[in-house]
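Some notes on the structure that comes next.
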Protein chains: 2
Amino acid sequence: MHKYYKTHTKFYISVDCIIFGFTEGALKLLIQERPYEPGKGLLSLIGGFVEVDESIDDAAKRVLAEFTGLDNTYMRQLGAFGDVKRDPGERVVSVVYYALINVNEYKRTIEGNARWIDIENLPSLCFDHNLMVEKALTKLKENLADEPIGMNLLPKYFTLTQLQTLHECILGTSIDKRNFRRKIMEQGYVVKTNMIDKKTSRRGASLYKFDNKS
Amino acid sequence: MHKYYKTHTKFYISVDCIIFGFTEGALKLLIQERPYEPGKGLLSLIGGFVEVDESIDDAAKRVLAEFTGLDNTYMRQLGAFGDVKRDPGERVVSVVYYALINVNEYKRTIEGNARWIDIENLPSLCFDHNLMVEKALTKLKENLADEPIGMNLLPKYFTLTQLQTLHECILGTSIDKRNFRRKIMEQGYVVKTNMIDKKTSRRGASLYKFDNKS
DNA sequence: TCAAAAGTGTTAAGTTTACACCCATGA
DNA sequence: TCATGGGTGTAAACTTAACACTTTTGA
């Protein structure tokens, strides 16, 4: 049909999803054991191949849904990874996305062997996946400065301490409590509810939620 | 060889380069008329196909070199564009890069029909190329805040007014001259030379250069 | 009664913005 | 001599950073 195109080569395209969650006061990453050769059994990001009738974005959404049962997720493209030998089996170009999910909503699916690992002391992942995660973390930090992304990682109701811990995990720094609370309140993304969480302290902490009016 | 891969589809992968230049006090974009169907003759970014033996980054470098004669260029990946119908001819996934070049070093090559157009009032480009340029401009702005990217767009010696105009073009705002100069000097990326440029004013303006020591 | 987390204000430092006039020169 | 672009400082507004004590309550 379009003759000129025919002189070129076609490639497999995969999507790899860097799925972040936040639980037990730590930032987590969903990984699996790679289910096929080459590198069967190695730790791997959640991924799959792009199919003929779907956009790359849709492929990423599909893969995410297959592994987490989740739809309508905060998801951003990180970029394409295209070194010739990045996949030792075949030439595969990977387009990488990172997603933020609420681990409480996460449902283990038939894809089965996925699990959460701590983002601190990450193990060695297959191929160039560690590099991908590193880049995603960098981007996530930048992101946090612009957007209230916490809403994607936290449950509907949360304490300000939880939100602060989340920011600290992402930024890798500790934050002054008073400065943090003042800033968050000024930004107006979150609103206080009447509920009190008694799980984490005797005194109890006010529960907040993200304000989806403004 | 790797059986599992075989059940999937392969795709053409192109690279499109958003090549920025700065001349005549304005930010420019290098475009061409698309040399083949579909969309032959439409305005297009500088692009080409990824070949079997090259990484995507290398493909972008090759395409850039083919069209500008330039090597060792400031180049960043913008991301992958993968809508199913983005190219009306065939399914082609495009990985997009933006590059900053010094137009004085640019050599028109045999690829021939490329030309510079003003980034203000951009014409309509083929396919999703306008969207790509928009994203590149957004990223370039962010970039300018972090890195002294001016060195890639300006000649070796330049006046502070030129540098300011460049910043204004990228950011799309006007900047206070005194504030700008103070900040640039504090950052220490540029150093004054003894040379004076007499082209743009009777009085003459000091020429500066980027400091590649620090 | 005490341990543990929640909650709360003020001051100093640093950064950003706004603003206007003199200088040097070639035509 | 005058039109043109080059060059310079200061004060106010705003933002960020540093810092320590009281409250509540279950065990």
Side-chain angles (χ1 to χ4, degrees), chain A residues 22-26 141-148 150 154-155 157-210, chain B residues 22-26 141-148 150 154-155 157-210:
Chain A
F22 180 69
T23 187
E24 297 158 2
K141 279 177 209 177
E142 293 169 17
N143 231 299
L144 187 61
D146 311 335
E147 288 186 78
L154 289 171
Y157 301 104
F158 53 88
T159 67
L160 290 183
T161 300
Q162 279 179 289
L163 182 61
Q164 180 175 343
T165 305
L166 171 57
H167 279 240
E168 289 174 333
C169 286
I170 292 175
L171 298 175
T173 59
S174 66
I175 303 174
D176 179 90
K177 184 162 51 157
R178 282 172 290 189
N179 292 340
F180 179 75
R181 286 170 180 238
R182 181 170 350 100
K183 201 175 190 180
I184 291 295
M185 287 302 121
E186 276 167 7
Q187 297 186 159
Y189 296 128
V190 305
V191 295
K192 200 173 185 169
T193 69
N194 296 325
M195 289 173 283
I196 304 286
D197 173 76
K198 305 282 287 186
K199 284 193 286 290
T200 55
S201 74
R202 308 198 203 292
R203 176 179 174 173
S206 286
L207 284 165
Y208 288 73
K209 62 176 182 174
F210 280 92
Chain B
F22 180 69
T23 187
E24 296 157 6
K141 279 177 208 176
E142 293 170 15
N143 231 295
L144 187 60
D146 311 334
E147 288 185 79
L154 290 170
Y157 299 105
F158 53 88
T159 68
L160 290 184
T161 300
Q162 279 178 288
L163 183 60
Q164 181 174 343
T165 305
L166 171 58
H167 279 240
E168 288 173 335
C169 286
I170 292 175
L171 298 174
T173 58
S174 67
I175 302 173
D176 179 89
K177 184 163 50 157
R178 282 173 290 190
N179 293 340
F180 179 76
R181 285 169 181 239
R182 181 170 350 102
K183 201 177 192 176
I184 291 295
M185 287 303 122
E186 275 166 8
Q187 297 187 158
Y189 296 129
V190 305
V191 294
K192 201 174 186 169
T193 69
N194 296 325
M195 291 174 280
I196 304 285
D197 173 76
K198 305 284 285 185
K199 284 194 286 291
T200 54
S201 74
R202 309 199 200 291
R203 177 178 172 173
S206 286
L207 285 165
Y208 288 73
K209 62 176 182 174
F210 281 91

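Any value given below was found using the heavy atoms of this structure, including those in side chains, with hydrogens, waters and symmetry copies removed.
A heavy atom closer than 4.0 Å to some atom of DNA chain C occurs in B/Asp176, B/Arg178, these being the qualifying members of residues 165-178 of chain B. Less than 4.0 Å separates DNA chain C from at least one heavy atom of each of the following residues of residues 193-201 of chain A: A/Thr200, A/Ser201.
Counting heavy atoms from C-beta outward, B/Thr173 and B/Glu168 have side chains that stay 4.5 Å or more apart. Side-chain contact between A/Leu154 and A/Leu163 is present, with at least one heavy-atom pair separated by less than 4.5 Å. Put simply, the side chain of B/Asp176 does not reach to within 4.5 Å of the side chain of B/Arg181, judged on heavy atoms. In this structure, the side chains of A/Ile184 and A/Gln164 stay at 4.5 Å or more apart for every pair of heavy atoms. Side-chain contact between A/Lys209 and A/Val190: absent, with no pair of heavy atoms (C-beta onward) separated by less than 4.5 Å.
Ranked by how close their nearest DNA chain D nucleotide is to the 5' end, B/Arg182 and A/Asn179 are led by B/Arg182.
Within the 3.5 Å criterion, the main-chain N or O of B/Gln187 finds no donor-acceptor partner in the side chain of B/Lys183.
B/Lys183 has its NZ atom 17 Å from the P atom of C/dG14, to the nearest Å. Whole-Å rounding puts the A/Glu186 CD to D/dT15 P distance at 8 Å. Atom pair A/Leu207:CG and C/dG7:P shows a separation of 9 Å (rounding to whole Å applied). With rounding to whole Å, B/Tyr208 atom OH is found 11 Å from D/dG6 atom P. Following rounding to the nearest Å, A/Phe180 (CZ) and D/dA18 (P) show an atom-to-atom distance of 16 Å.
Residue A/Arg203 places a side-chain atom within donor-acceptor reach of the base of C/dA6, judged by atom type and a 3.5 Å distance cut-off alone.
An end-to-end axis angle of 10° holds for the helix from C/dT1-D/dA27 to C/dA27-D/dT1, taken from five base pairs per end and rounded to 10°.
One finds the CG atom of B/Leu144 at 5.0 Å from the CD1 atom of B/Ile170 (value rounded to the nearest 0.5 Å). Rounding to the nearest 0.5 Å gives a distance of 4.5 Å between CG of A/Leu160 and CE of A/Met185. Taking CG from B/Leu207 and OG1 from B/Thr193, the interatomic distance works out to 5.0 Å, rounded to the nearest 0.5 Å.
Close to C/dA3, at under 4.0 Å from its OP1 or OP2, lies no side-chain N or O of A/Arg202.
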Check the pair B/Phe158 / B/Tyr208 against side chain to side chain contact (heavy atoms under 4.5 Å, CB included), numbers first and verdict last.
CA-CA 5 Å; B/Phe158 53 88; B/Tyr208 288 73; 3.9 Å; yes
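Considering every non-hydrogen atom in both A/Gly25 and A/Cys169, the closest pair reads O-SG, 3.5 Å.
Residue contacts for A/Thr159: at a heavy-atom cut-off of 4.0 Å it reaches no nucleic acid atom on any strand shown.
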